[in-house]
Structure formats: structure tokens, C-alpha cells
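Remarks on the structure that follows.
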Amino acid sequence: MAPTQPFVLRWGIISTGNIARSFVLDLLVDPKTRDVHDVVHKVTAVGSRNLATADDFVRKYANGDKSVKTYGSYAEVYADEDVDAVYIGTPHTCHYENALDAIKATKHVLCEKPVTSNAAELRSLLAAAKEQGVFFMEALWTRFQPLVKEVKKIAESGILGEPVALQADLSSDFKLQELPKTHRILNPYLGGGALLDLGPYPLIWAILVLYEHPSNQKSKPSQITGAMLKTPLTGVDRSTSFTVTFAPTSSSTSNTLAAQAVLSCNINAASYHTGVVIRYERGTIAVHAPIYCPRSFTVQYFEEGKPGSVVKEETRQFEYAGNGWHFQADEVARCVRDGKVESELWGHDKSLLEMEIFDEVRRQGDYKFPPGVEKVV
């Protein structure tokens, strides 16, 4: 019997910024280097607001492949019949309109995080995707990396008991005083600030460890609290901390998980080495920075009947070609091949939960976007 040919997903790239560059570079890594033999990726089109920029992008980041079509508009990418799926890497306040245009053109969509400016925009996109029958997913690439899958395997095996508490932080010192106020991290018209730019990464660990835990039964948080410290430069959040609590709301509910995540993000401080600490009844898991693409984690096992007394410790390392962006692309390709409209690993419910939490934290922090930023409210 002849070997089955891998499924080829043809990508159109929207935007030529840093994040799109990282994504395309990983798309071009041979899937066999990560033991993937059932799907492959082909960049067929790149769109930019400037044709010369698209040409330069292909030359620098797509090996100068002459078969890649370049366009001076996004609309031309959506209209290209040789494009199956679109990757959207524009600023997040542009995501809604860019994704909606792609969906209307019946393209499958992988949209960078945060997927929209608010939950209302996301609900609108999901309704449009359902109407058009296309696949749609937020590009929370961390969820698909091998390390995360191994952490979940250990965490949900029961060997450590139930999760009790989680702390996660992602911070970066952007040297705010040196940035122009139009920079994406400072500009409220681009959804600037710590929460939307960095916040998805601490939150994804709470979602995959607590929300996804079998004992939670996919119940939403019982409580969300948040606080923001804003920069006087532009009024966006400089430091944000938020607590996400999961607990049964009544004795009749099926979920039994009682755990809390304490999450933080800052745009004026450096991250620290241990970005995520997950505490269980019989041990801990520490995930080493960077939490968006960690390469190692350490598990401590407690002595029976002696909480905190470590009897075994092991650290696991993960190495692979590329920088970790390609795993989400493999997931998209498989879902499209199999006729799915959402991923089982990072489904629409999780992106909605993410945006609902962000909406609530912004509400409590009194961070309102300028008029016109939110396309759906």
C-alpha cells in the first residue's frame, strides 16, 4: 500500500510584524523534525498595507520563495483561492475586523491573542464563523506545546492530588519612559497595557490547570477580582493583578474543584525565573520562564502524610527545532482536514472565558477603551 500523503494547509499571512515573522519561520520548519508526518504547511500569500513590505517579508522570512504571492492589502489575501487558512497577527484592536473579513471570505482563521478587545466582539466572530462553517481559533500557542501536554498528564493523573493554588506572572520592562506614546504597549487605541498584551499567558495556565481539570467539569469561575495600577503616560494599565477562584456554587453542582489562581502582569518589571507555581495536595509543579514557551518544569512529590516534605524531585526538559509556534499550526491543519470548526484543546469556550475575565478585570480597574476601539459592545 502506498504511503498516505500528508495534508497540506495553505496559509495566508495577515500583517508582517514581529509575531507574524516568528509564526512563518516556524511554519517553514520541517514537520518531521517534531515527529509530525500527517500535515505540512505552505505559505501561499502575504498581505501588508504596503506591497514593498510584503515583498521584503517573503524575502527575509519565507526563504524568498517566488511562489508566495504578495499583496498590498489584506482583502487580496482573503480573495485568494489558493489560501485555505488565514493567520492574523495585527494589533489586537484590529483583530475583530480582520477576522470578520476573513470569515466572510470563507477562510479558516487562526487569530493572535488576545483574540478580540472584548467578549462581545468574540461572540460576534463565533456567530459569523458558525454561519460560514469555517474553523476559528485563538492563537494561544502555549496550549499546544509538548511541555504543556506533559504537565497536564501528570497533573490530571491524580498522583499529586487535587490542585489547590496557582501563581503565575508574566512581566517585561518595556522602559516606558523611552517609548513613544503611540507604541502598542502604551497606546489605548491599540488596547495597550499589561492585561491584554501579557495577561493571556498567566491566565492560560489557570485555564488549563484549573478550568480544564476533570473535577471542575468546565464550570466557570465562582469569583474574579482584579486591581490595576495605571501609567500616567497614557492611562493604560502598567501593573495588573487578578485572582480567579474556582469553587462549587452549591451542594448540587457536579464540579468539586476548590482552587484559586493568583495572576499578575507588569510592563515595567522583568519576569522572574519560575513563572508558574502550581500547588497540589501532594506536591508542586514549577514551570520555568518564559511561561509562554517554557522548555522545562520541575515536579516535587511530598512524603505521604507530610505536606511540604519533599521525597522526590524531577525536572523535565523539552527540545525541538523551531520556537514552538508550529504546534498550533499543526492543530489547525488537523482540524481543517477533519472538518472541525474548533479545536478540542483550545476551544471557543476557553477564549470566551478569557475575554470575559479580562472584561471584568478592566471593569474593576476602570480601564475603558477610547470611543470606537470596541467594534461590538
Side-chain angles (χ1 to χ4, degrees), residues 113 119 126 137-138 140-168 200-224 242-263 275-287 291-292 294 297-305 307-308 312-314 316 318 327-328 330-331 334-335 338 340-358 360:
K113 57 80 202 163
L126 295 179
M137 189 177 85
E138 180 181 20
L140 258 165
W141 56 312
T142 310
R143 180 63 184 85
F144 306 95
Q145 294 163 11
L147 178 145
V148 169
K149 294 182 178 181
E150 186 64 20
V151 167
K152 282 185 61 63
K153 182 180 176 181
I154 295 172
E156 296 178 7
S157 70
I159 192 171
L160 297 176
E162 292 284 278
V164 176
L166 179 150
Q167 285 82 33
Y201 292 115
L203 181 55
I204 190 180
W205 285 97
I207 291 175
L208 67 91
V209 171
L210 302 182
Y211 175 74
E212 292 184 15
H213 196 275
S215 62
N216 185 56
Q217 297 287 300
K218 288 194 173 181
S219 299
K220 289 190 176 183
S222 55
Q223 187 177 20
I224 300 162
F242 52 114
T243 301
V244 182
T245 302
F246 292 85
T249 54
S250 73
S251 59
S252 62
T253 57
S254 59
N255 61 307
T256 58
L257 180 69
Q260 191 173 70
V262 180
L263 313 172
V276 182
V277 176
I278 313 162
R279 290 183 282 176
Y280 293 83
E281 294 169 322
R282 298 191 293 273
T284 65
I285 297 177
V287 181
I291 68 171
Y292 48 80
F297 70 92
T298 300
V299 186
Q300 291 183 332
Y301 302 87
F302 296 159
E303 185 177 353
E304 185 71 29
K312 179 184 175 183
E313 180 176 294
E314 57 185 8
R316 304 194 183 187
F318 293 79
F327 299 110
Q328 63 180 343
D330 295 341
E331 174 74 1
R334 291 181 179 124
C335 288
D338 297 342
K340 297 179 179 179
V341 293
E342 65 178 304
S343 164
E344 294 178 8
L345 294 182
W346 190 256
H348 298 161
D349 62 317
K350 295 165 193 175
S351 291
L352 273 170
L353 176 59
E354 172 197 4
M355 296 316 303
E356 288 168 355
I357 290 172
F358 288 164
E360 178 60 20

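Comment: K113 does not engage E354 in a salt bridge, judged by the lack of any side-chain N to carboxylate O separation of less than 4.0 angstrom.
Annotation: the span from L345 atom CG to L140 atom CG amounts to 12.0 Å, rounded to 0.5 Å. Rounded to the nearest 0.5 angstrom, K220 NZ and F246 CZ are separated by 11.0 Å. Note that the CD atom of E313 and the OG1 atom of T298 stand 5.5 Å from one another [nearest 0.5 Å]. One finds the NZ atom of K218 at 13.5 Å from the CG atom of N255 (value rounded to the nearest 0.5 Å). A distance of 6.5 Å separates CG in L166 from CG in L263, rounded to the nearest 0.5 Å. Atom CG of L210 is separated from atom CG of L203 by 10.0 Å, given to the nearest 0.5 angstrom.
Closest approach of G161 to R282, counting heavy atoms only: N-NH2, 3.3 Å. Contact record, V164 with Y280: CG2-C, 4.2 Å, taken as the closest heavy-atom pair. In terms of heavy-atom proximity, P200 sits nearest to F358 at N-CZ, 3.5 Å. Shortest non-hydrogen contact noted between G283 and L160 is CA-CD2, 3.9 Å. Between A119 and L352, the shortest heavy-atom contact is O-CD2, 4.2 Å. Scanning all heavy atoms of the two residues, the minimum distance from T284 to F302 falls at CG2-CZ, 3.8 Å.
Distance alone, capped at 3.5 Å, is enough to place a donor-acceptor pair between the S219 side chain and the N216 backbone. In this structure a side-chain-to-backbone donor-acceptor pair under 3.5 Å is missing from R334 to S343. Using modelled atom types, one side-chain atom of W205 and one backbone atom of I291 make a donor-acceptor pair closer than 3.5 Å. T243 places no side-chain N or O within donor-acceptor distance of the main-chain N or O of V262, the cut-off being under 3.5 Å. Side chain of S222 to backbone of T245: a donor-acceptor contact under 3.5 angstrom is found. In this structure, E138 contributes its side chain and S351 its backbone to no donor-acceptor pair below 3.5 Å.
Looking only at side-chain heavy atoms (C-beta outward), E156 and H213 come within less than 4.5 Å of each other. In this structure, the side chains of D330 and F144 stay at 4.5 Å or more apart for every pair of heavy atoms. Side chains of I207 and W346 form a contact here, defined as non-hydrogen atoms less than 4.5 Å apart.
Looking at residues two or more places apart in sequence or on another chain, you find a side-chain contact (heavy atoms from CB on, under 4.5 Å) between E360 and I224, R363, Q364. For E303, the side chain to side chain donor-acceptor pair (under 3.5 Å) test picks out S309, with sequence neighbours left out. Under the rule for a ring-ring contact (aromatic ring centres under 6.0 Å, His included), the partners of F327 that lie at least two apart in sequence or sit in another chain are Y320. Listed by chain and residue number, Y301, E314 satisfy the side-chain contact (heavy atoms from CB on, under 4.5 Å) test with K312 (two or more places apart in sequence, or in another chain). The side-chain contact (heavy atoms from CB on, under 4.5 Å) test applied to V277 returns Q167, T274, R279, not counting sequence neighbours.
Taking the six-membered ring where the residue is Trp, F318 and F297 present parallel rings, their angle staying beneath 30° rather than reaching 60°.
Each salt bridge (Lys or Arg N to Asp or Glu O under 4.0 Å) pair with one or both residues in residues 201-217, not counting sequence neighbours, appears once here: R143-E212, K152-E212, E212-K350.
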